[in-house]
There are 2 protein chains.
Amino acid sequence: MEIAENINLHMREIEDHFKAAISVDCVIFGYDESELKVLTLDCNMEPYLGFPSLLGDLVKNDENLDEAATRILFERTGITDVFLEQVKAFGETDRHPMGRVLTVAYYALIKVEDYRQNGQPRGIGAKWRSISQLNEMAFDHKNILDSSLHLLRKRLIEYPLWMKLLPKHFSLPELQNLFEAVLAKSIDKRNFRKKISKLGIIKEVGKKQEDVPHRPAKLYAVNEKKLREDYSFLLKNPFIS
Amino acid sequence: MEIAENINLHMREIEDHFKAAISVDCVIFGYDESELKVLTLDCNMEPYLGFPSLLGDLVKNDENLDEAATRILFERTGITDVFLEQVKAFGETDRHPMGRVLTVAYYALIKVEDYRQNGQPRGIGAKWRSISQLNEMAFDHKNILDSSLHLLRKRLIEYPLWMKLLPKHFSLPELQNLFEAVLAKSIDKRNFRKKISKLGIIKEVGKKQEDVPHRPAKLYAVNEKKLREDYSFLLKNPFIS
DNA sequence: AACTATTAGTGTATTTTTTACACTATCTAA
DNA sequence: TTAGATAGTGTAAAAAATACACTAATAGTT
């Protein structure tokens with residue numbers, strides 16, 4: 001093939017194809033009030049006016065996908081060092097009214113207390129919504145949420161990711177309830193505790209719950225030393241390069 | 001905000017952002033000569049001239065991602081109904097010399113015998129390469145291959161995907177070797193057979209290997225009836241919507 | 001026909017993991 | 001003191017995973 005012809009062909013390819021936009025949408029999970037919640041906005045774009053939407057943005061030209069996700073998390077919550085993992089790309093041709101916008105979904109795990117402290121000023125209009133009340137969403141965001149939740153469920157079983165969702169001090173009933181909320185099933189208390197204790201990565205902090213109208217539960221924290229030994233990859237973010 | 005201003009802002013967004021191309025790259029796995037192989041091309045683009053590359057193409061404007069992957073598979077192998085699953089998106093800003101090309105990776109499982117029958121005319125220049133010899137690849141394709149192999153390993157453990165790679169009739173030693181090749185570890189023969197037989201989805205076909213210079217192994221086939229009962233989702237392609 | 005080389009095929013005992021299951025303990029509020 | 005509510009604890013049975021060594025069938029050789 002002649003070089004000129006080759007260049008021509010490339011020109012045509014560029015004209016035909018370099019017309020898409022790339023966005024990142026984040027499914028920001030939080031655990032609060034004994035429920036799994038997602039940080040959402042109210043969509044302001046037709047035809048989805050008022051529908052809950054995920055937090056996303058177009059990817060800048062000099063930004064890779066992980067960077068875009070990290071930026072969105074920071075812009076919206078003020079939190080850095082967020083646990084993030086890519087879910088997958090969503091590329092239906094008609095998924096966005098503005099044109100061809102391929103979106104790459106990430107899920108994020110944050111401690112709601114961190115968000116309350118840092119985030120509210122920036123995350124204007126953002127609302128925590130329980131996953132059980134997220135049925136209709138803007139764009140294909142319900143689809144994205146479902147895929148993300150599916151991935152989170154798998155990850156929660158294989159890695160102790162719950163530590164990214166719970167406050168520094170937490171009780172075993174809280175931890176069990178988190179599992180039950182995410183996996184949407186009830187778990188035997190004794191077997192659950194046996195499994196957690198075998199992990200060996202939490203330790204008692206010597207305190208108890210306060211202000212509860214019943215027997216208070218002991219509080220635990222992650223044992224950073226054991227964590228480093230057995231799950232050092234969780235200290236960095238193993239899923240973000 | 002004024003409507004005109006709003007439109008203006010959108011115009012700027014379009015100008016700034018709708019400049020990316022989207023491609024799909026397929027990691028086409030095959031099992032042959034007791035090895036896990038990947039269908040590759042020799043890259044003809046600088047600076048990767050001669051490096052092995054995955055089979056990919058730009059996504060057409062009226063095509064979603066799954067459709068593009070299916071098309072690439074068909075164009076390159078002549079095979080329809082290929083088992084495909086999206087791996088993830090790769091979006092480093094500098095991953096492609098032609099500009100910003102976000103690529104979405106898929107892995108595919110095909111029977112090498114099907115490829116030999118249908119494919120060679122179209123897959124001009126395509127070569128099966130053993131994964132062990134794929135160290136340097138064009139673009140970020142080694143990275144894509146690694147992610148795909150990682151996903152395949154997980155999937156192979158949870159689902160009987162090996163049936164997508166083996167010929168209609170296969171022996172248990174072949175099946176075990178496939179596992180060993182994909183997982184890159186050796187497996188105890190008796191325990192392996194126990195596990196496979198508990199699945200209950202293969203049946204003897206009443207034949208034996210021929211032309212082997214030692215005791216011939218019995219041949220098996222997938223029991224379609226049992227498969228429908230226990231793994232009906234594998235008959236369709238569960239990972240392609 | 002006997003023998004050698006090579007791979008196929010088979011079962012049991014042990015350990016580990018998972019599951020099922022019910023009562024006592026501690027706190028608040030009345 | 002009592003009632004209400006939730007926290008906390010152990011054991012036995014079943015299932016799954018692991019470790020392990022010999023006999024069987026075929027082709028090729030002598």
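Bear in mind the structure is a predicted one, so any value in this text is a computation, not a measurement. Lettering of chains follows the sequences in order, A, B, ..., and the numbering in each one begins at 1.
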### Query
Among residues 172-189 of chain A, which contact DNA chain C at a heavy-atom distance under 4.0 Å?
A:D188
### Message
Near DNA chain C, counting only heavy atoms under 4.0 Å, which residues of residues 209-222 of chain A show up?
### Response
A:V212, A:P213, A:H214, A:R215, A:P216
### Task
Assess whether atom CG of A:D81 is packed by more than 12 heavy atoms of other residues, nucleotides or ligands within 6.0 Å.
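Check fails, neighbour count at 12 or below.
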### Task
Determine the interplanar angle of the B:F51 and B:Y48 rings, folded into 0 to 90°, and report it as parallel if under 30°, tilted if 30 to 60°, perpendicular if over 60°.
perpendicular
### Message
Is the ring pair B:W162/B:F170 parallel, tilted or perpendicular, if the boundaries are 30 and 60 degrees?
### Response
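Rings of B:W162 and B:F170: perpendicular, over 60°.
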#### Entry: No-H, no-angle donor-acceptor pair, B:K194 side chain to C:dT10 base, under 3.5 Å
no
### Query
Side-chain donor or acceptor of B:R190 under 3.5 Å from a matching atom on the base of D:dA21?
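Under the 3.5 Å cut-off, the side chain and the base do form a donor-acceptor pair.
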### Gap between atom CH2 of B:W128 and atom OG1 of B:T40 - 0.5 Å precision
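That separation rounds to 9.0 Å.
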Atom pair distance, as rounded to whole Å: [atom1] in [X] and [atom2] in [N]:
X      : N      : atom1 : atom2 : value
A:F192 : C:dA20 : CZ    : C1'   : 17 Å
B:N191 : C:dT15 : CG    : C1'   : 12 Å
B:K195 : C:dG11 : NZ    : C1'   : 18 Å

### Query
Taking it one step at a time, do B:R129 and B:D42 satisfy salt bridge (charged side-chain N to carboxylate O under 4.0 Å, His left out)?
CA-CA 11 Å; B:R129 286 184 165 99; B:D42 293 320; 2.7 Å; yes
### Pairs where residues 224-234 of chain A contributes a residue and the test salt bridge (charged side-chain N to carboxylate O under 4.0 Å, His left out) is met, not counting sequence neighbours
A:K225-A:E229
### Task
Please examine the side chains of A:V27 and A:V87, heavy atoms only from C-beta on, and report whether any two atoms are closer than 4.5 Å.
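A:V87 vs A:V27: side chains apart.
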### Nearest to side-chain heavy atoms of B:K208, which nucleotide of C:dT26, D:dA25, D:dG8
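Among the listed nucleotides, the one closest to the side chain of B:K208 is D:dA25.
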### Query
Are B:K218 and B:Y220 in a cation-pi contact, defined as NZ or CZ under 6.0 Å from the six-membered ring centre and within 45° of the axis?
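The answer is no, since B:K218 fails at least one limit relative to B:Y220.
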